[in-house]
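Structure, as structure tokens:
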Amino acid sequence: MRSICVYCGSNAGSRPAYTERAMALGQRLAGDGIALVYGGGNVGLMGVVADAALEAGGEVVGVIPEQLVGWEVAHRGVTRLEVVANMHERKARMFDLADGFVALPGGFGTLDEMFEMLTWRQLGIGNKPCAFLDVDGFYAPLVSMMDRMVAERFLHADQRQDLWHGEDIDTMLAWMHAYSPAGAEKWLDEKRRKALR
């Protein structure tokens with residue numbers, strides 16, 4: 001774990017606990033000598049986690065699309081800011097730069113980015129650990145939805161278990177350091193799938 005990509009809201013959310021957890025994660029990554037890769041913004045939880053890592057002496061790499069730079073939300077104080085053409089290039093570049101992925105609370109963009117990484121891993125494109133660092137049960141309904149996907153046979157149980165969800169940073173980082181991909185098959189019903197062709 002030389003670098004971890006953190007996905008999180010460009011808004012700060014309604015509770016101080018969201019900001020507190022983002023600060024704690026940024027400080028911890030810097031303290032452990034783990035570079036922070038993130039979306040390059042200076043607003044919301046994105047700005048909080050970046051500033052916390054920088055203030056603790058950490059390396060911070062931002063990856064931001066040109067459109068968002070034009071909206072003047074780019075963080076100009078990070079160690080390195082990479083400007084890319086669009087969101088697709090951003091996700092691919094963040095994947096290349098990071099050894100693992102963490103989602104703090106956020107909105108559509110946060111879920112889009114994390115679920116793309118989970119999908120890539122499911123398809124064998126990558127084998128990097130993915131974790132949902134929760135705050136006050138924010139992600140509990142989403143985790144319940146994933147459990148329903150397993151129950152309804154749209155998701156392999158091993159792939160559901162192949163991600164971390166919890167609130168403790170120490171436990172999460174220990175899991176990420178020891179991570180070994182599940183390697184489950186994408187298809188749940190191979191014979192039936194062939195019969196439906």
Side-chain angles (χ1 to χ4, degrees), residues 1-64 73-82 90-91 93-107 109-118 121 126-140 142-143 161-181:
M1 282 292 127
R2 295 166 298 176
S3 59
I4 288 178
C5 178
V6 176
Y7 303 128
C8 57
S10 57
N11 290 296
S14 62
R15 303 183 189 186
Y18 299 140
T19 295
E20 291 166 4
R21 186 61 51 82
M23 289 178 64
L25 179 59
Q27 292 166 353
R28 178 60 186 275
L29 293 179
D32 285 3
I34 298 172
L36 167 67
V37 177
Y38 86 117
N42 62 10
V43 293
L45 296 186
M46 294 174 67
V48 170
V49 70
D51 286 342
L54 289 167
E55 289 168 9
E59 178 183 358
V60 177
V61 179
V63 183
I64 191 167
V73 298
H75 196 312
R76 301 296 183 177
V78 296
T79 310
R80 187 170 82 249
L81 183 68
E82 297 191 12
R90 178 200 231 179
K91 286 186 279 192
R93 181 60 179 150
M94 292 166 99
F95 176 83
D96 290 340
L97 290 170
D99 297 322
F101 305 91
V102 174
L104 284 166
T110 300
L111 295 183
D112 169 60
E113 290 169 320
M114 179 57 95
F115 275 99
E116 184 148 354
M117 294 304 101
L118 288 168
R121 196 177 64 189
N127 60 357
K128 301 176 182 181
C130 296
F132 287 88
L133 182 58
D134 214 340
V135 181
D136 294 340
F138 177 85
Y139 278 122
L142 180 64
V143 171
Q161 295 301 320
D162 198 26
L163 62 92
W164 187 90
H165 167 246
E167 298 199 5
D168 186 74
I169 294 173
D170 290 342
T171 305
M172 180 191 74
L173 289 175
W175 177 84
M176 295 183 85
H177 281 294
Y179 175 73
S180 178

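In this text, all values refer to a predicted model and were calculated from it rather than measured experimentally.
Considering only heavy atoms from C-beta on, Val61 stays 4.5 Å or farther from Val78 through its side chain. Under the 4.5 Å side-chain criterion, counting only non-hydrogen atoms from C-beta, Val73 is in contact with Ile64. Contact check for Leu36 versus Val6: side-chain heavy atoms found under the 4.5 Å cut-off. Side-chain contact check for Trp164 versus Pro129: every heavy-atom pair is 4.5 Å or farther apart.
Nearest approach of Cys8 to Val49, heavy atoms of both residues: SG-CG1, 4.2 Å. Across all their heavy atoms, Leu163 and Phe132 have their closest contact at CD1-CD1, 4.0 Å. Leu97 and Glu82 get closest at one heavy-atom pair: CD1-OE2, 4.2 Å. Residues Ala50 and His75 come closest through the heavy atom pair CB-CD2, 4.1 Å. Across all their heavy atoms, Pro105 and Tyr139 have their closest contact at CA-OH, 3.7 Å. Here the closest non-hydrogen pair linking Cys130 and Leu118 is CB-CD2, 3.7 Å.
How far CD1 of Ile169 is from CD of Gln27: 9.0 Å, rounded to the nearest 0.5 Å. Atom CZ of Phe95 sits about 6.5 Å away from atom CE of Met117, to the nearest 0.5 Å. The CG atom of Leu29 sits 10.0 Å away from the OG atom of Ser3 when rounded to the nearest 0.5 Å. Atom CG of Asp134 is separated from atom CE of Met172 by 11.5 Å, given to the nearest 0.5 angstrom. Distance check, rounded to the nearest 0.5 Å: OG of Ser10 to CE of Met46 gives 6.5 Å. To the nearest 0.5 Å, the span separating CG on Leu104 from CZ on Arg21 amounts to 8.0 Å.
Between the side chain of Thr110 and the backbone N or O of Tyr7 there is no donor-acceptor pair closer than 3.5 Å. Glu167 places a side-chain N or O within donor-acceptor distance of the main-chain N or O of Asp136, the cut-off being under 3.5 Å. Between the side chain of Arg2 and the backbone N or O of Gly33 there is no donor-acceptor pair closer than 3.5 Å. Looking at Thr79, its side chain never comes within 3.5 Å of a backbone N or O of Glu59 through a donor-acceptor pair. The backbone N or O of Ala74 sits less than 3.5 Å from a side-chain atom of Asn42, completing a donor-acceptor pair. Without hydrogens or angle criteria, Asp168 side chain to Asp170 main chain gives a donor-acceptor distance under 3.5 Å. Not one N or O on the side chain of Arg121 forms a donor-acceptor pair closer than 3.5 Å with the backbone of Gly126.
In this structure, Tyr38 has no ring-ring contact (aromatic ring centres under 6.0 Å, His included) partners at least two apart in sequence or on a different chain. In terms of the side chain to side chain contact (heavy atoms under 4.5 Å, CB included) criterion, residue partners of Thr19 (sequence neighbours excluded) are, by chain and number, Ala12, Met23, Leu45, Val48.
Ion pairing of Asp99 with Lys128 is absent here, as no side-chain N (NZ or NE/NH1/NH2) approaches a carboxylate O to less than 4.0 Å. A salt bridge is absent between Glu20 and Arg15: the closest approach of a Lys/Arg side-chain nitrogen to an acidic carboxylate oxygen does not fall below 4.0 angstrom. In this structure, Lys91 pairs ionically with Asp112, as a charged nitrogen and a carboxylate oxygen lie closer than 4.0 Å.
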*Should Met114 and Leu142 be marked as a side-chain contact (heavy atoms from CB on, under 4.5 Å) after you check the CA-CA gap, both sets of side-chain angles, and the distance that decides it?*
CA-CA 12 Å; Met114 179 57 95; Leu142 180 64; over 6 Å; no
*Please walk me through it: do Tyr179 and Asp162 pass side-chain contact (heavy atoms from CB on, under 4.5 Å)?*
CA-CA 9 Å; Tyr179 175 73; Asp162 198 26; 2.9 Å; yes
